[in-house]
There are 2 protein chains.
Amino acid sequence: MSLEHILLGLLREPASGYDLKKLFEERLSHIWRAELSQIYPTLKRLERRGLVDSREAAARRGSGRRLYALTKAGRQELHVWLSGPPQFADERMAWVAQLYFMGELEDLDQTMRFLGSVRAHFAAKLAALSAIQRMWTAADPRYPRDLPVEDLHVHFALRKGMCSLAAHIEWCDESVAELTARLEARSSGTSREPGAAEEAP
Amino acid sequence: MSLEHILLGLLREPASGYDLKKLFEERLSHIWRAELSQIYPTLKRLERRGLVDSREAAARRGSGRRLYALTKAGRQELHVWLSGPPQFADERMAWVAQLYFMGELEDLDQTMRFLGSVRAHFAAKLAALSAIQRMWTAADPRYPRDLPVEDLHVHFALRKGMCSLAAHIEWCDESVAELTARLEARSSGTSREPGAAEEAP
DNA sequence: TCCGACATGTAATGGGTTACATGATTTT
DNA sequence: AAAATCATGTAACCCATTACATGTCGGA
């Protein structure tokens, strides 16, 4: 299970389940997501297996707080995972499946709207990652040169996200352009279907 | 559930569970994957809900064969799905998480090997999609112009895959270049760690 | 004769989400 | 006084995977 390994990775410094949820949101939002209801049992399982240990600590607010830390066995397990082959999950892209079948609707305007939503979605995500990159650049104008090894890998992951999203957006634009050509050809050329006449010269 | 809708989408022509599994592999391999052990119960559920109906048919080989077909309600349900907003699943990319944490290993050669595997993986997938595109081009030199609406959407989905994969590969190359610069700087510059000396002039 | 393709399923398990349940403390 | 934040968990459910179970038919 990857969540277990990711938790081990995040536990470089001791953290509570609640903390880890925040780390997911702050640092890994473009890579992985996890709910508290999944994190808590997983931490317990890791502790039973001796990969982490825990101690009680004062809560910053509210009641008790349980801090988890990597054990030697845990760090070793993490290294095994990191040294292994890349784990490719077969992506299930429901939105692409929707597009694949959308010809069924015979409604190119719907396709156009759909592509608009998709583009907006990815543009928003890209903006978020770009903001992170701008922060790095502002902090060090030589970025990404001279990054410590740790940060270099974080940088790689960030760039992965940015490159993917940029490609998605370009693909949206390519597709919209193809669609637009269709729609223009249809409105100016032979109109088999009687519809509203537009752009009369 | 998206699998249900995808099955409805595939059931333009009547098909058996076995057929549908093949359709997944032939047409949707870059978008979705499903096992027979998931397809069979899902078809039964769809039938109970009246979205498909089934009849027995002669097997091409072996024993009986159950052919499923869309009902009106099924087609309507499909259209609802297709008309709705894009369904973005939050991707869980274990391999990116691995890379994110890989600084922990302090072993840039491992990172290099990792990126090599990743690149090879995506290059193979891209080759498969390129082959499909070449078939379309061979069949019609004007491709993708003048594609029927149905095929246009399939084309969009294909291009989505190709663009994503190409971007991944470019990202790999960018990352490898950055890593290479690191390694060269390290081997020619101050070598804090005593290692094997290479490239003596 | 045995292998591979055709064909259909069930059971156990795993991984994840949603909803539910609780309670302290700080900020508005 | 109410809302947000800190903090921890459980239970039910859903989707998917892996392993298991069964049987026919055609070709090598």
Legend entry - Plane angle bin for W95(B) and H168(B) - parallel if under 30°, tilted between 30 and 60°, otherwise perpendicular: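 Plane angle over 60°, so perpendicular.
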
Inset, instruction - Quick one: sort the Y143(B) and W136(B) rings into parallel, tilted or perpendicular, breaks at 30° and 60°. - result: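 Y143(B) and W136(B): tilted rings.
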
May I have the distance from [X] (atom [atom1]) to [N] (atom [atom2]), rounded to whole angstrom?
X      : N       : atom1 : atom2 : result
R45(A) : dG16(C) : CZ    : P     : 9 Å
E91(B) : dG16(C) : CD    : P     : 15 Å
E35(A) : dA21(C) : CD    : P     : 19 Å
I6(A)  : dG16(C) : CD1   : C1'   : 13 Å
L20(B) : dA7(C)  : CG    : P     : 12 Å
E47(B) : dT8(C)  : CD    : C1'   : 14 Å
R33(A) : dT18(C) : CZ    : C1'   : 11 Å
D19(B) : dA7(C)  : CG    : P     : 7 Å

Is there a donor-acceptor contact under 3.5 Å linking the side chains of [X] and [Y]?
X       : Y       : answer
W32(B)  : E91(A)  : no
E178(A) : H155(B) : yes
R66(A)  : S16(A)  : no

Legend entry - 5′-ward residue of the pair P41(A)/R60(A) relative to DNA chain D: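 Final value for this comparison: R60(A).
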
Inset, instruction - For DNA chain D, note the earliest and the latest nucleotide, 5' to 3', having some atom under 4.0 Å of a heavy atom belonging to chain A. - result: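 From 5' to 3', the first and last contacting nucleotides are dT5(D) to dT17(D).
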
Legend entry - Short side-chain N/O contact to dA5(C) OP1/OP2 from R65(B), under 4.0 Å: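 Checking R65(B) against dA5(C): no side-chain N or O falls below 4.0 Å of OP1 or OP2.
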
Legend entry - L3(A) side chain, from C-beta outward: closest of dT26(C), dG16(C), dT18(C):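 Nearest to the side chain of L3(A) among the choices is dG16(C).
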
Legend entry - Of the listed nucleotides dG15(C), dT8(C), dA19(C), the one nearest the side chain of M1(A):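 Closest nucleotide among those given: dG15(C).
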
Inset, instruction - Quick one: label S37(B) by what it contacts on the DNA or RNA (base, sugar-phosphate, nothing), any heavy atom closer than 4.0 Å. - result: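 Base, at least one base atom sits under 4.0 Å.
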
Inset, instruction - Could you check whether K21(B) gets within reach of a base, just the sugar-phosphate, or nothing at all, counting any heavy atom under 4.0 Å? - result: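 No contact at all - K21(B) keeps every heavy atom at 4.0 Å or more from the nucleic acid.
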
Inset, instruction - Could you go through the ring-ring contact (aromatic ring centres under 6.0 Å, His included) check for F114(B) and F156(A) one step at a time? - result: CA-CA 12 Å; F114(B) 189 88; F156(A) 284 155; over 10 Å; no

Legend entry - M135(B) atom CE, over 12 foreign heavy atoms within 6.0 Å: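 No, because the 6.0 Å sphere around CE of M135(B) holds 12 heavy atoms or fewer from other groups.
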
Legend entry - Residue whose nearest DNA chain C nucleotide is more 5′ - K22(B) or A34(A):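 Per heavy-atom nearest nucleotide, the more 5' residue is K22(B).
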
